[in-house]
Amino acid sequence: MPVKPDTDPYYRLRHSAAHVMAQAVLEIFPEGKIAIGPPIEDGFYYDFDLPRPLTPDDLKEIEQRMRRIIAGRHPFVHRVVDPDEARSLFRDQPYKLELIEGLLHGQDEYGEQGESGAGTVISTYRHDTFEDLCRGPHLEHTGQIPPDAFKLMSVAGAYWRGDSNRPMLQRIYGTAWNSKEELDAYLHRLEEAKRRDHRRIGKELGLFYFSDDIGPGLPLFTPKGEMLRHLMESYVREVQTRYGYQHVWTGHIVRETLYKKSGHYEAYRENMFPPMVEDEDHVYRLKPMNCPSHMTLYKEMGIHSYRDLPLRFAEFATLYRYEDRGTLTGLTRVRALTQDDCHIFCRPDQIEEEFGLALRLIREVLETYRFTDYRVRLSLRGAGGKYIADDEAWDLAENALRAALDHYGVEYEEAPGEAAIYGPKADFLARDVLGREWQLSTIQVDFIQPRRLGLEYIAEDGQPRTPVVLHRAVTGSTERFLGVLIEHYAGAFPLWLAPVQAIVIPISDERHSAYATEVGRQLTAAGLRVEVNLSKDRMQAKIRQAQLQKIPYMLIIGDREQHTGAVAVRTRSGEDLGAMPVAAFIERARAEIKAKA
RNA sequence: GCCGGCGUAGCUCAGCUGGUAGAGCAACUGUCUUGUAAACAGUAGGUCGCGGGUUCGAAUCCCGCCGCCGGCUCCA
């Protein structure tokens with residue numbers, strides 16, 4: 001994501017590094033074509049159209065050339081050029097020519113229409129032998145880039161202008177910092193993220209697997225992984241019930257004709273698995289979303305009075321979406337996903353209150369999972385004509401959402417033009433412990449589907465009206481949220497979520513096995529999830545294994561404990577709590593679980 | 001779907017320019033019976049992703065497919 005010069009202190013550095021890199025690349029490929037090269041979060045990139053694919057060795061050479069250019073302390077020289085001069089300057093650079101024409105029509109470098117089309121100034125920055133179409137700003141000279149504080153990270157394909165119909169360019173990603181220490185800290189942060197990667201931890205802790213025999217994007221969950229799913233879903237279900245939501249079940253397969261009525265067939269067909277054909281009148285699809293099913297259920301349940309609204313239908317059903325293979329990643333992007341989905345059928349005058357209820361619910365759940373840092377993006381209708389035309393409804397909904405956000409003191413930013421075609425929405429972007437943002441919860445207002453599917457309620461005046469539907473998800477999907485949680489906690493789940501909450505470790509398998517087994521039985525009977533390690537390994541090895549498995553409590557049992565009916569408690573953090581009676585440990589664990597601490 | 005990289009025992013990985021595979025951990029067996037992060041010894045384990053091709057000979061070279069990784073696009 002691009003950054004702004006006025007808010008990012010590294011803007012000049014990284015932008016300048018991108019220019020230096022472009023020079024280095026053109027030195028190697030004089031006939032290469034250059035596209036754009038902006039600073040981004042943590043670094044910069046530049047897109048090139050080159051005669052051959054770049055290799056890791058190329059990156060090394062480019063870095064070396066960059067250091068030489070940096071050592072030359074070449075000043076960055078800014079100048080304003082008129083359109084013809086610009087065209088002539090970049091006559092061999094087709095992408096630049098396209099950018100110039102765009103600029104003259106008020107577009108920015110991404111081809112987006114700017115706020116004000118007028119008064120476009122075309123300017124360039126030159127250093128050494130390289131001159132680039134650029135509005136700056138830059139450093140004073142190349143020598144201000146610390147030669148040991150930047151690094152080229154990777155090469156990736158990127159479509160010109162982000163359009164899959166246009167040429168695929170080669171993008172070089174780099175990072176640049178003010179000092180080697182900063183660079184090292186950044187690289188260390190990347191290592192940490194890698195260490196926490198849910199795919200890695202998932203394997204280490206034995207939570208889930210993928211198999212070629214099952215298919216891409218279709219995770220298999222082990223007993224431990226399924227326990228996590230179960231606990232997560234039970235928790236949301238409990239909260240939802242407490243907030244007045246009801247749970248429904250609508251299965252996995254739906255007649256295709258429903259999606260033709262709802263409009264999904266037109267708009268979403270690409271993302272559905274191919275049809276199952278019984279005969280030409282009976283064609284079925286795997287459900288890619290719940291809304292048409294919930295709305296159908298609403299209809300089948302008979303005539304609804306305005307007094308019966310709101311009706312809140314929640315469901316944990318697994319949905320199947322035919323995502324492009326190239327986009328699948330671990331649990332965060334799968335083809336089988338279990339949404340904690342809900343559809344709220346309400347009157348227009350209830351939007352604000354229902355939105356507020358969903359806000360409170362989401363806030364409670366996110367805080368339980370220790371996502372305390374999140375922001376809300378309120379996506380509103382924009383200027384374009386893609387939105388359904390009903391100004392009155394839009395105004396009502398947008399104002400209701402704002403009012404609820406204000407009422408509950410939720411900070412939010414407005415994003416005009418980002419709304420769904422069918423209504424405005426609020427998305428929750430939560431930051432994990434590594435500072436990465438994840439879109440988890442969402443609340444969307446829908447005017448169009450209820451109408452298309454013919455939903456009605458009888459209003460106060462006895463006339464049938466179309467209800468408004470709010471689509472709402474709390475954690476998004478169980479799979480994705482589990483992936484995020486694994487990374488957020490680095491696999492060390494809080495006690496209430498830990499698949500194995502305690503492990504009993506007898507010091508001698510000969511002398512203490514019977515008592516260890518009895519302790520395990522007592523804890524299990526008390527509702528705890530417990531394992532007993534009866535292997536012949538030494539106690540130290542068992543502790544190490546338990547540590548690596550991130551099991552919250554290790555209960556060591558030797559002669560002393562056996563004689564006194566106790567367990568010696570060691571925590572995952574390495575703390576030795578000493579010996580305590582089994583009952584005392586149970587009490588402690590229960591309190592911790594209840595508090596979801 | 002597109003661009004690039006990768007695919008060797010359950011896991012992590014080695015195997016130079018072609019001569020039919022190797023380590024550590026895990027597993028299994030035995031010895032040891034242990035006090036807060038790895039006892040010692042031995043055994044077993046691989047169609048080198050799959051399918052073609054080149055070659056006297058392919059894990060190694062070529063082609064196709066599948067999958068994974070990094071991006072792009074997409075993400076109701």
Side-chain angles (χ1 to χ4, degrees), chain A residues 45 47 49-50 52-56 58 153-173 194 197 199-200 203-204 206 209-217 259 262-264 267-268 270-272 288-292 319 321-330 332-333 337 339 341 343 379 419-423 425 439 442 444 446 448-449 469 471 473 476-477 480 505-513 535-549 554-561 568-572 574-579:
Chain A
Y45 68 79
D47 287 344
D49 191 347
L50 302 174
R52 66 164 174 84
L54 291 165
T55 66
D58 289 325
M153 305 298 287
S154 61
V155 180
Y159 297 111
W160 168 237
R161 293 248 147 134
D163 182 343
S164 55
N165 298 311
R166 313 227 34 199
M168 174 70 73
L169 307 174
Q170 296 192 67
R171 173 172 299 177
I172 303 179
Y173 282 99
K194 223 164 137 187
D197 190 312
R199 291 165 297 191
R200 176 194 179 117
K203 203 178 279 180
E204 286 169 358
Y209 294 92
F210 288 91
S211 164
D212 287 2
D213 286 330
I214 301 296
Y259 296 130
S262 72
H264 289 102
Y268 204 71
E270 303 278 289
N271 285 303
M272 290 197 258
M289 69 280 297
N290 288 314
C291 19
L319 308 175
R321 296 184 178 179
Y322 191 71
E323 307 285 0
D324 284 341
R325 274 190 185 75
T327 64
L328 303 172
T329 345
T332 50
R333 193 73 188 275
L337 59 142
Q339 276 192 345
D341 207 5
H343 295 97
S379 297
I421 44 168
Y422 52 63
K425 60 175 180 173
Q439 195 205 302
T442 181
Q444 313 184 351
D446 186 352
I448 191 165
Q449 274 192 78
V469 168
H471 304 246
S477 83
R480 182 180 151 88
I505 298 178
I507 289 176
S508 158
D509 69 313
E510 285 175 5
R511 291 216 301 281
H512 311 127
S513 280
S535 78
K536 296 174 75 178
D537 289 326
R538 293 173 64 202
M539 177 204 64
Q540 282 86 344
K542 293 179 185 177
I543 288 175
R544 177 178 152 82
Q545 286 158 18
Q547 287 288 154
L548 293 174
Q549 287 297 303
M554 283 152 258
L555 308 177
I556 318 290
I557 282 171
D559 291 339
R560 294 199 295 268
E561 289 73 24
V569 181
R570 175 190 165 111
T571 68
R572 175 168 59 189
E575 197 181 350
D576 185 351
L577 301 182

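Labels below follow one simple rule: chain letters A, B, ... track the order of the sequence lines, proteins then strands, and each chain is numbered from 1.
As judged by a 4.0 angstrom heavy-atom cut-off over every strand, A/Ile505 is placed among residues making no nucleic acid contact. Within the nucleic acid shown, A/Thr329 comes within 4.0 Å of sugar-phosphate atoms alone, with no base atom in reach, counting heavy atoms only.
Listed by chain and residue number, A/His471 satisfy the ring pair (Phe, Tyr, Trp, His ring centres under 6.0 Å) test with A/Tyr422 (two or more places apart in sequence, or in another chain). Partners of A/Arg199 according to the salt bridge (charged side-chain N to carboxylate O under 4.0 Å, His left out) rule, which considers only residues two or more places apart in sequence or in another chain, are A/Asp197. Remark: A/Arg333 engages A/Glu323 in a salt bridge (charged side-chain N to carboxylate O under 4.0 Å, His left out) (not counting sequence neighbours).
For the atom pair CD of A/Glu561 and CD1 of A/Ile507, the computed distance is 6.0 Å after rounding to the nearest 0.5 Å. With values rounded to the nearest 0.5 angstrom, A/Asn290 atom CG is found 6.5 Å from A/His343 atom NE2. Distance CD/A/Gln549 to CE/A/Met554: 11.0 Å, rounded to 0.5 Å.
Annotation: salt bridge (charged side-chain N to carboxylate O under 4.0 Å, His left out) contacts involving residues 536-547 of chain A, sequence neighbours excluded, are absent.
Checked against B/rU34, B/rC72, B/rA76, the side chain of A/Tyr173 finds its nearest nucleotide in B/rC72. Candidate nucleotides B/rU73, B/rG35, B/rA76 were compared by shortest atom distance to the side chain of A/Asp559, and B/rG35 ranks first. Closest to the side chain of A/Arg511, out of B/rU36, B/rU33, B/rG1, is B/rU33.
Checking B/rC2 for Watson-Crick or G-U wobble geometry (two distances, each under 3.5 Å) identifies B/rG71 as its partner. Base pairing of B/rC65 is made with B/rG49, judged by Watson-Crick or G-U wobble geometry with both donor-acceptor distances under 3.5 Å. Nucleotide B/rU12: paired with B/rA23 (Watson-Crick or G-U wobble, both distances less than 3.5 Å). Pair assignment for B/rC40 gives B/rG30, based on Watson-Crick or G-U wobble hydrogen-bonding distances that are each under 3.5 Å.
One P atom belongs to B/rC2, the other to B/rG15, and the distance between them is 32 Å to the nearest Å. Taking atom P in both B/rG46 and B/rG30, the straight-line distance is 23 Å, to the nearest Å. B/rC69 sits 15 Å from B/rG49 when the C1' atoms are compared, rounded to a whole Å.
Between A/Arg199 and B/rC69, a side-chain N or O to OP1/OP2 separation shorter than 4.0 Å is present. Between A/Tyr209 and B/rC68 there is no side-chain polar atom (N or O) within less than 4.0 angstrom of OP1 or OP2.
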Test A/Asp58 against A/Gln170 for side chain to side chain contact (heavy atoms under 4.5 Å, CB included), laying out the working first. CA-CA 12 Å; A/Asp58 289 325; A/Gln170 296 192 67; over 6 Å; no
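For the pair A/Ile214 CD1 and B/rG67 P, the computed distance is 14 Å after rounding to whole Å.
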Restricting to nitrogen or oxygen on both sides, can you table the protein-nucleotides 2-11 of chain B pairs closer than 3.5 Å?
{"residue": "B/rC2", "atom": "O4'", "partner": "A/Tyr159", "partner atom": "OH", "Å": "3.3"}
{"residue": "B/rC3", "atom": "O2", "partner": "A/Gly157", "partner atom": "N", "Å": "3.2"}

For nucleotides 39-43 of chain B, print each protein N/O atom paired with a nucleotide N/O atom at under 3.5 Å, atom names and distance only.
{"residue": "B/rA39", "atom": "OP2", "partner": "A/Arg538", "partner atom": "NH1", "Å": "3.4"}
{"residue": "B/rA39", "atom": "O5'", "partner": "A/Arg538", "partner atom": "NH1", "Å": "3.0"}
{"residue": "B/rA39", "atom": "O4'", "partner": "A/Arg538", "partner atom": "NH1", "Å": "3.1"}

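With A/Arg480 contributing its side chain and A/Leu337 its backbone, the two residues share no donor-acceptor pair below 3.5 Å.
Looking at which nucleotide of RNA chain B each of A/Ser154 and A/Ser164 is closest to, the 5′-most match is held by A/Ser154.
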